[in-house]
Amino acid sequence: MGVPEVPASLRSWMSAVSEIVRSVNAAEPLATVLTRVADQACELIGFEFCAVMLADEGRKCLQIAGCSGLTPDYLAQVSDGQGLRIRPPGPDLDTPAARAFREDRTIVVPDVREARSYGRLRHLAPTQGYRALLVSPLRGSGDLAGVIVAYSVTARQFSGPELELIELLAGQAAMALETARLRSDQQDVIRELSLANEEMRRGRAVLEWAEQQHHQLMQLVLDEVELPELVGALASALRASVTVEDTEARVLARAPVQGYRPPPAPAARRASAARAALKAQEASGRRYTVARVPVRGPNGRTGAAAAWAAPVVIGGELAGRLWVTDPPVEPEPVQLRLIERFSLVVALLLLQQRHLLDVQSRLSGDLLGDLLRDGGPVRPQAVLDRAAAIGHDLSRPHVLALLSVDAAVPPAVRLPELARAAAEPGPVPLAGPYDGAHVLLLPADPDPGDALRRILAKADQAVGARGMVTLVAGPVARDPAGYATAFRVARGAAALRRASGRGGFVDVGRLGLSALLLETGTPGSLQRFAAGVLHTVEEHEARYGGDLLATLRAWLSAGCSTAAAADALVVHRNTVTYRLARIEQLAARSLRDSRVRLELELALTIREIVQAGVPG
């Protein structure tokens, strides 16, 4: 039996993801969802068997929670002793699954007969009849939950695409677990609400209203509505304005369309009373508690006006807030419970969106890897087709930009997602990691300069003082083969800029042929070259002034026209002639020599990248 070919169809992968998401949204039992994940691993990658294993509460053993193709005898043998021990006393009891969980990384076993460090495989493998296996941890937004194990009946080496697919499927299993936890929390709140309703008995009208809203919320969840429709339903139920925003106070959805009242502005939230209310909410043992936030009136005093905020929590971290403003009366306890339940569903929707963005970023990263390889893509049309499938027409000219941060980026900061949001309202960039940086591809028309500066500002704000952010706008790529060249130019400019200790925005897209020097030169060699050509002129200008370098740049940019340079500098032609003669004297070079002019232009380009960026 040969090694099966990994399906390259994006449609097959997205169909599998959609099936798993539908299963999660339909609130199927967790074992059913995880079995579906195992089935997809076998179908997509070509494994004979697969199992999803979860850690017990004490995180001592791994137990099978869903599987595909495994026999009852094998399941019984794995379950013997309550599962696979995560930290066995020695190699005789160790397994690849336990090691993948302990070390939080993918483990590959090409041939179990040669895997002497995993003693339990000698007893487990013959029972099921497999020779090779692949294990990937289930990474969610919190702690590791377990592993996914795929088995092959033949000894084999696993390819890079197979490793990526098993890791993506592990992410889907982690999403299913996180969703199940959120649903459990939601059900707890619903049960609490039912008990509270029984205890209050404040009137049949209140109970009927709560029941009606409960059924409406459940129907919205079953119908898989989008965030705007969910927010609109809550605004209608409370007869108030409702806003969902992220942690940067960026509005994700709001309602109603007519008569909408926004939540307190960020400056108002920093007032002492409002800040205290939000701090108390974050410190509360119940993560979804609604906080009453006082609002200052026109006279600057805190009066009876208020807004209500419920945190949107994903994986124990604050992902945003749900605000209720301008209700006709102060919400009663049953209405506060409704707000809490809606915040749970909002968390579920945002979690699904986050996982879809993760899949999109992974696909974008794979695409960029094929597009930017040295020599260009092996199959250009296939790369263009894959880009079109995720909404990007790379047959049009695109500007390649490089975003890099010289520090560890906090886990909450997702640079590709940040770049896509900051580029609005213009075209959304194709963004993904490549070679230690983040590559952004934006259509060259209209000019993406403003969008790139917005992206840099947002990245600077997100990273803060933790690191230096550099964004280089590279040359325009006009065909698939041009992207690799544009990337090398941008990478060279970014390395040169970082070596100078400066970040910020650098535009090398208009350098023309002089940009080719950035492809191969190291930062040190480029700076030494520029210093060797210009140091005598720089020293003279630093001591005596005279605008010699600015004059040289203007003259070269004007096609070596003295008259045009004088007009650009608003000086007399004789002044330009005198300064050029002084440069020839100091540099000991003749400006009539075309090779000298090229050297001077390249040296000026390097100096401008290091010091202030290339003028755009």
Side-chain angles (χ1 to χ4, degrees), residues 248 250-252 357 360-361 363-365 367-368 371-372 376-377 380-381 383-405 414-434 437-462 469-494 497 503-516 518 557 568 605 608-609 612-616:
E248 296 181 356
R250 186 174 63 229
V251 174
L252 304 180
L357 287 172
Q360 183 181 5
S361 294
L363 293 173
S364 298
L367 175 64
L368 290 170
L371 184 67
L372 303 181
Q381 188 57 49
V383 172
L384 293 180
D385 292 342
R386 287 164 57 195
I390 56 177
H392 298 276
D393 181 9
L394 296 187
S395 64
R396 298 171 51 198
H398 274 63
V399 170
L400 184 145
L402 210 59
L403 178 67
S404 58
V405 181
R414 297 165 174 253
L415 290 178
E417 184 177 341
L418 178 148
R420 295 186 189 101
E424 295 177 351
V428 176
L430 172 61
Y434 184 73
H438 290 274
V439 176
L440 310 173
L441 301 182
L442 293 99
D445 185 22
D447 186 353
D450 290 341
L452 291 173
R453 288 179 173 86
R454 290 197 301 274
I455 292 171
L456 175 62
K458 282 291 186 182
D460 264 328
Q461 181 182 0
V469 182
T470 305
L471 195 152
V472 175
V476 175
R478 303 186 182 279
D479 54 59
Y483 287 96
T485 299
F487 171 74
R488 291 193 300 270
V489 171
R491 180 178 58 187
R497 184 71 168 185
F505 183 77
V506 180
D507 185 358
V508 298
R510 296 178 174 84
L511 293 182
L513 292 176
S514 60
L516 298 177
L518 299 172
S557 298
T605 295
E608 290 163 350
I609 290 175
V614 176

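We find the CZ-CG distance between Arg386 and Leu371 to be 9.5 Å, quoted to the nearest 0.5 Å. With values rounded to the nearest 0.5 angstrom, Leu394 atom CG is found 11.5 Å from Asp479 atom CG. Between atom CZ of residue Arg488 and atom CG of residue Leu372 there is a gap of 10.0 Å, rounded to the nearest 0.5 Å. Here CG of Asp450 is found 11.0 Å from CD1 of Ile455. Values are rounded to the nearest 0.5 Å.
A donor-acceptor pair is defined here as one N or O able to donate and one able to accept, closer than 3.5 Å; no such pair exists between the side chain of Arg491 and the backbone of Ala437. Distance alone, capped at 3.5 Å, places no donor-acceptor pair between the Tyr483 side chain and the Leu441 backbone.
Using cut-offs of 30° and 60° for the angle between ring planes, the Phe487 and Tyr434 rings count as perpendicular.
The two atoms that bring Pro443 and Arg396 nearest to each other are CB-NH2, 3.7 Å, heavy atoms only. Taking all atoms of both residues into account, the shortest heavy-atom contact from Leu430 to Leu368 is CD2-CD2, 4.4 Å.
With contacts defined as side-chain heavy-atom distances shorter than 4.5 Å, the pair Pro480/Leu384 qualifies. Taking 4.5 Å as the limit, every side-chain heavy atom of Leu456 sits out of range of all side-chain heavy atoms of Arg453. Annotation: side chain of Pro429 is in contact with side chain of Leu442 (closest heavy-atom distance under 4.5 Å).
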### Task
Report the C-alpha separation of Leu402 and Leu471 in whole Å, then their side-chain angles, then the decisive distance to 0.1 Å, and conclude whether the side-chain contact (heavy atoms from CB on, under 4.5 Å) test is met.
CA-CA 6 Å; Leu402 210 59; Leu471 195 152; over 6 Å; no
